[in-house]
Structures are given as structure tokens and as C-alpha cells.
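Report on one structure; see the data block that follows.
Keep in mind it's a predicted model, so treat the numbers as computed, not measured. Numbering of ligands and ligand atoms starts at 1, following listing order.
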Amino acid sequence: MLLELQNVCLELKRNHKYVKILDEVSFQVNQGETVGIVGESGCGKSMTALSIMRLLPEKAKLKGTIKLEDEDVTKFSKKALEKVRGNKLSMIFQDPLTSLNPLHTVGKQIEETLMLHTDLTKSQRKQRVVELLREVGLPRAEELVHEYPHQLSGGMRQRIMIAIAMACNPSLLICDEPTTALDVTVQAQILELMNSLKKMNEMGIIMITHDLGVVAEVCDRVIVMYAGKVVEQAGVKELFQNPKHPYTKGLIESIPKLGERKQILGSIPGTVPAPDKLPSGCKFADRCSYAMDTCRRKMPPMVHITNEHSASCWLLEEEEGEQFVTSGSKRIETTLHH
Ligand code: SF4
């Protein structure tokens, strides 16, 4: 197992008091596997990634275990963390412009990572920088090393970020909405690049996205998060064909389908509640058209449907309820878009 999160809880200080941002988050990532984390903004996807990277505010309270190749990241010293970041563990963000230094050339920025994490000599580093630029599919690599981020397109900048992330052959690459800022064609090229790099390097990838189209394209398994909790996880095919949690169903119904002239897009009414205003019981209850009294009183348990598929919803506890969800006879409230 490459990565294993067990009962990870995160509390952050907001307005002089601690609020729960992540609640008992547990999942695994295997070597060579791409795991998608999906959900709307404010569901805890990025905070899960930052907890794995330990890039949290100083006063954050992080509990539970985060094992990367059997070592618990939550116990790492600052020095051990610096060593592991960029080495075993790398992350790329949505907007490469804010992550790249505008004052340094592309070559210098990639070389810095190599200098920090490898014993390569200066000439070996220069050679490796050119190789990395070629590996991420950038043309005229020898010239590109002397150029600055502002001289490049958005897609090229994201490729540079991937080159920096790949510089030390990480075991795990975390991508936080890596294609959201790019146009559709470039988005497809970047996803294809990530797929081929994963195969070449046998690394694990966590793909954080609100876009289920991206999930369908690159992920092997999917974790659905809502209000800081994992509400469903399954293999990608199973999740799309047989979603069990009403929130997952709502997300899937929101995807526009090709070839439909008048599209009916399902949308989930309301918004994700703020962490300090979470309802008791099921956190989705205020937006769920299936909600029952029990839902508002008690948190639903995680029900294991198969070895790979689990979901947390009271409907799954009752046989009648399960048929209810599976048949889809009652849909989540939908809004018509023409
Ligand atoms: Fe809806 Fe109840 Fe299931 Fe929560 S537990 S998702 S409120 S049916």
C-alpha cells in the first residue's frame, strides 16, 4: 500500500474557536493507481491534500494516521517533511502562474528542485532539466530552459509544474484541480500526459477535482466527500453505474450529456454548510430529498456494499430503502435548464 489515511480529523481555528474541517477521513491509494477525490467547494478535498502534504496552518489540529509507504506523515519532524516533499510526495496546483516564480527562468526553477533533493552535479542537473522538459512533452527544450513563465501559455506552464513535480520521481503525486484553468483541448492533453507519466513511473496519483468528466477520464477509484467526510467510495465504473449516496447521484446527474438537444441537468439544491454550521446527524440532510427523521438525529454508518464499494447513508441500512435508492424511482430534486 502506498498511502493509507485512517480516521483523519482536522480542526482549524476560525474566529477564535476550533472548527472541524475533516471528520474521520479514511481511504487508501495503491501504487500505480489514480484515486479521484470529488465534491463541491468546501467539502474538504483540498484540506485532505494539504493534510497529507502537512501544509497546514501552525495551529491546525491534525489527528489520525497518514501512512506513506508505512511511515506516519503526521509524526514527521519539519526536517523529515522537507525531505519527503518534492521527493516521495509532490503536489501540483490549479494555477501554475501563482506557483511559479516570475523572476526565475523555467530551467532554474526545475534545477532548484533537483538541487534540493538529489546529489546530481551541476552538469547532470542541466541535462536532467532538458530531459524532464522533453518527458512532459514540451518542444525546443534547450531553448525553453532560458525562458520565463510569462512567456509561456497556460498549458505549457502546467507542463512545467508537472516537470517540477516529477523531478525526483515521486511515489505519490497530488493534483489539485490541475486542469480547471485550462481550455478543454489543453485539459485533455494534460490528462493524457499524466496518464502516461503514471504508467512510466508506476506512481500513485490523487486527483482532486469537482469535474466528474476528469474523474471518468483518468481515475481508477473515486472518493466522494461532503462536508469534511467521505460519503462514498468505489471503483470508477461502479460509481458511475451504481451510485448509492444521494449526493453522488446528484453530482452524476449534474453532468451534461452529449447528443441531448434539450438537456435536463440535475442540480443539488442549496450549498455545502459552513464547517461551524453543520447539522447534527447526516450532514447532507438539509439538501437531501430522501431525508428522514433518523437522518437528522444520527450520523449514518459506512455501509460496505462490496469489498470496493461503500457509502454512508441510512437508506442502505434498510432493504426497502436500498431498493429505493438503486431503482432511482425518486430522483433528487432537479432543476430544469434549457
Ligand atoms: Fe439523505 Fe438520510 Fe442518506 Fe443523509 S442519510 S444522504 S439525509 S437519506
Step by step, would you call V8 with T48 a side chain to side chain contact (heavy atoms under 4.5 Å, CB included)?
-> CA-CA 9 Å; V8 172; T48 303; over 6 Å; no
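- Legend: residues meeting salt bridge (charged side-chain N to carboxylate O under 4.0 Å, His left out) with E11, ordered by chain and number and at least two apart, are absent.
- Side-chain N/O atoms of S312 and K229 include no donor and acceptor closer than 3.5 Å.
- Protein heavy atom closest to atom 5 (S) of ligand 1, with residue, atom name and distance, is W314 N, 3.3 Å.
- In the candidate list A285, P279, C313, P301, A285 is nearest to atom 7 (S) of ligand 1, counting heavy atoms.
- Distances below 4.0 Å separate heavy atoms of C295 from the following atoms of ligand 1: 2 (Fe), 5 (S), 7 (S), 8 (S).
- Side-chain atoms of D72 and T65 form no donor-acceptor pair, as typed in the model, at a separation below 3.5 Å.
- Under the 30°/60° scheme for interplanar angles, the aromatic rings of H150 and Y148 are found to lie parallel.
- Between K298 and E317, none of the side-chain N atoms (NZ, or NE/NH1/NH2) sits under 4.0 Å from a carboxylate O, so this pair counts as no salt bridge.
- Close approach of ligand 1 to P246 (heavy-atom distance below 4.0 Å) involves ligand atoms 6 (S).
- In summary, the atoms of ligand 1 found under 4.0 Å from a heavy atom of H245, numbered by their order in the structure, are 6 (S).
- The distance from atom 1 (Fe) of ligand 1 to the nearest N/O/S atom of C288 is under 2.8 Å.
- With 2.8 Å as the limit, C282 does not count as an N, O or S neighbour of atom 3 (Fe) of ligand 1.
- Which parts of ligand 1 touch L315 is read off a 4.0 Å heavy-atom cut-off, strictly below it: atoms 8 (S).
- Here M292 has no heavy atoms under 4.0 Å from ligand 1, in either its backbone or its side chain.
- Contact check on E112 versus R125 returns no salt bridge, with no Lys/Arg side-chain nitrogen under 4.0 Å from an Asp/Glu carboxylate oxygen.
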